[in-house]
Each structure stands twice: as structure tokens, then as C-alpha cells.
Amino acid sequence: MVNVKVTERSKAIEYAIRDVIVNAGQITKTGKKMFYLNIGDPVAFDFPTPQHIRQALIEAVQSGNNNYSPSEGVLELRQAIVEKEKRVNGVHVFADNVLITSGVSEGIRMLISSLIEKGDQILVPGPPYSPYMSYSKVYDGTPVSYETVEEENWQPNIDDLRSKISETTRAIVINNPNNPTGALYRTKTVKQMLDVAGEHDLLVLSDEIYDQIRYVEDYVSTAHLAKDLPVVGLNGFSKVYLMTGWRLGYMYFYDPNGELQELKKAVEKEQRIRICASTPAQMAGIAALRGPQDHVKELVEKLRVRRDYAWKRLNEIEGVNCAKPEGAFYVFPKICDVGSKWKTDMEFAVELLKETGVLLVHGSGFDPVYGAGHVRAVFLPPIEILEQALNEIERFIKKK
Ligand SMILES: Cc1ncc(COP(=O)(O)O)c(C=O)c1O
């Protein structure tokens, strides 16, 4: 027998969004019809990668772009990102301050590894996109979630944010538009968050992977508002450019006073040790940013119809309350009878799955405080599938 000891660190790794599939495994074997509303992957539904982006990948492979790229990424892509950030988000950065990653996920890991160590805290939205929590724990730090208020469409509570800053806080994470709540932070709110960061000399990390998927107007990129405050922006190609499986993302250092160069150097070391992001995918990324953008409007308009439908149907179910998502493609409804009919949101999600084949993510999997009593669903499927899934959810709740 070999003696295998698994680290404590590995036990901190949780990713509820995919961990729930473990439960689904047994059920699929029974042949039950499944509704996968757990993963935010538009490409798995009827949102294929645009043809010109696919063609660019094929051409990259055929023309021999199959070698390792520089660790920080292909220069032309970094330049295309500078143009995109200026055009779409009004953010001015230099190509030197843009680093390419294998998805935003990798960027999150690299940043947290470079920023957090034992005893450090990081402020994350409550509830956050899970890796911000998990990686902070993996790197021996403590994630602290600041309240976002359901009754205000999940806008951050600035007073709560301020009250949670301590000597050991290393950064504030903003995720706008937000996963898992579908919130779109108002310009005024982002300004207030930046003011709080400025008062305490805190770095802001701003995850804007859903930047172009919005259903209301009042949105501005954090770095556009930051003036002389430094911001690290995280963004990628998975959602807006429908390239989920290709694993391509980026981070930029908006660094008006040259305060982020040491952090950038630390991240660059992380980049070198993992060699590079996929070179053909990077070439396709250039085509995505510089080619036609028509698919973005189509994507948002199709999603808007599905959002309206899912939100309305959920609110019609007695015992469910759902804030209206204003960005991204998630709803985060409250299940009012968690605590009585179901002990926890996890129990609700597991029973729902077993009985109906509808796979949701339990809210406490994102955040035991601000996510509890909720579930997250994607509204990516076509209306006829959403309708079937929502009928199942309704029947399940009524029956109990
Ligand atoms: C807020 C947020 N950040 C990052 C990611 C990871 O995206 P990527 O596919 O670029 O790793 C996701 C994916 O769902 C997300 O919702």
C-alpha cells in the first residue's frame, strides 16, 4: 500500500457549480430527463461560437501557430484588448499592462496567489463567484463577503463594505455584472466603492467578464471611473465571445501612478511557470475582438426574452421571490420555505434534482451567509426547455 496523504489545502477547494454534478451522476444513469441549469455555458445551449472566430482558430492551426506563445500572451492580442477596452469600456491601458490567461479562472488564481497569504483578508461580494472564496482559502487567506442587498437588486451595501475593512484587508473584489445574482452595479455604487477603496488605500479587482451582457443602461467599467486609483481588471472571451471551451481570458493593470508593477511582476512569474495560454485560441481571440460584433446584440436580445420569462415564472410560484437580473445570465431566487419545508438550500436542490431532474446550484455553495436560502439557475436554454424546467420546479414546490 502506498502512503498517500492529501493536503489540508486541497480540502479548501470547492466549486459548488460543478460539485453538484456529482449528485446528478446517479440520476442520469436512471434515464431521467435532465435540465442542466447549473453551468453558465452559453455554448452548451443555442449560442454557438461565431463562425469567423471558429474560422480564425482553424486558420491559426493550419498556418502553424501551434507553438508556445510568450507567457504574457501574443502581443497582437494584447493590443487588440487595449483597443477593445477603450472602445467598449472607456478604459485606457497599455499593451504592456495586459496579460493573457487561460480563462479568467486562471487570472483569479494567479492574482490571489500573488496577493494573499496567511492572515490576509480579501473582501468579496456576498455572494461571490466561488473561486474568489475558494482560492483565498487555498492560499491561506480569509475571504470576507460584504453584503449585497436582494431588495435592491443585489446592489452592494457600502456601509457594510466599509465596516468590514481591517488592517489585514488586501483587496476589494467587484464583480459587475454579477455572478451569481445577475446584479448590475449602478455607476453611483461603483463610485462609492472606489471611494471606500481610496480612503483605505486598497486595491480593487474588477471582474467584468459579462461586461457586454446587460439589460439596463446604467453600467460603467470600474477602471473608467477610477481616475487615479489603481484597478486590476479581469475579463475574457468565454461569455461575450462564446468561447467557453477554448479557455481564454485576460487581466489588465490600470495603473495611473505606477503602483501595480510589483504585483504585475509577481503575476508574470505565475504566468511563466505555466508556460502560456493556448496559442491558436489567442489568435482566434484577435479575430473575436477585431471582427464583426453583431453576435453580441443577438446574444443579449435572445437572453433578454429568456430572462423576462424565467423571472416572471419564478415570481408566479408561491414561496419563491426573485429579483430581476440586470446583467449576465443568472437568476438567484429566494426559496422562502428553506428552514421549514427544506432544512437547507442544499436539501432543496438535492430533492429537486432527484425528483425532477432539474439541476440548480444551492446558494450557500456560493456564500453560507448571503447565499443561504437561495438557488442559482441559468436562463440560457430556449424558452420551451425553460418552460419544462420551471413547470417541474413549480410542481415540486407546490407538492411539498
Ligand atoms: C464572474 C466570473 N468570473 C470568471 C469566470 C470564469 O470564466 P472563464 O471561462 O474565463 O475562466 C466566470 C464563469 O462563470 C464568472 O462568472
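Keep in mind that this is a model prediction, so the values were computed, not measured. Counting starts at 1 for both ligands and their atoms, following the listed order.
Numbered from 1 in the order shown, with element, the atoms of ligand 1 that lie under 4.0 Å from a heavy atom of R247 read 8 (P), 9 (O), 11 (O). Every atom of ligand 1 is numbered from 1 in the order shown, and the set under 4.0 Å from a heavy atom of I209 is 1 (C), 2 (C), 3 (N), 5 (C), 7 (O), 10 (O), 15 (C).
When the side chains of ILVMFWY residues are joined at heavy-atom separations under 4.5 Å, either directly or via intervening members, F379 and V305 end up in a single hydrophobic cluster. The hydrophobic clustering, which links ILVMFWY residues whose side-chain heavy atoms are closer than 4.5 Å, places V232 and V220 together.
By the criterion of a heavy-atom distance under 4.0 Å, neither the backbone nor the side chain of F237 is placed next to ligand 1. Contact annotation: for V104 versus ligand 1, heavy atoms closer than 4.0 Å belong to both the backbone and the side chain. Contacts of K239 with ligand 1, taken as heavy-atom pairs under 4.0 Å, involve the side chain alone. With a heavy-atom cut-off of 4.0 Å, S238 touches ligand 1 through its side chain alone.
For the pair G236 and ligand 1, no heavy-atom separation below 4.0 Å is found.
Residue S105 has at least one N or O atom closer than 3.5 Å to an N or O atom of ligand 1. Note: no N/O pair closer than 3.5 Å links S102 and ligand 1 by distance alone. Between T244 and ligand 1, no pair of N/O atoms sits closer than 3.5 Å.
Note: H52 and H295 have tilted aromatic rings, judged against thresholds of 30 and 60 degrees for the angle between ring planes. Taking the six-membered ring for Trp and thresholds of 30 and 60 degrees, Y135 and Y139 have ring planes inclined between 30 and 60 degrees apart.
Within a 6.0 Å sphere centred on CD of E199, heavy atoms belonging to other residues, nucleotides or ligands number more than 12. The number of heavy atoms from other shown groups lying within 6.0 Å of NZ (K334) does not exceed 12.
Looking at every heavy atom in both residues, L386 comes nearest to V378 through CD2-O, 4.2 Å. Nearest approach of L77 to G285, heavy atoms of both residues: CD1-C, 3.7 Å.
Of the listed options I39, N178, N175, D207, D207 places a heavy atom closest to atom 2 (C) of ligand 1.
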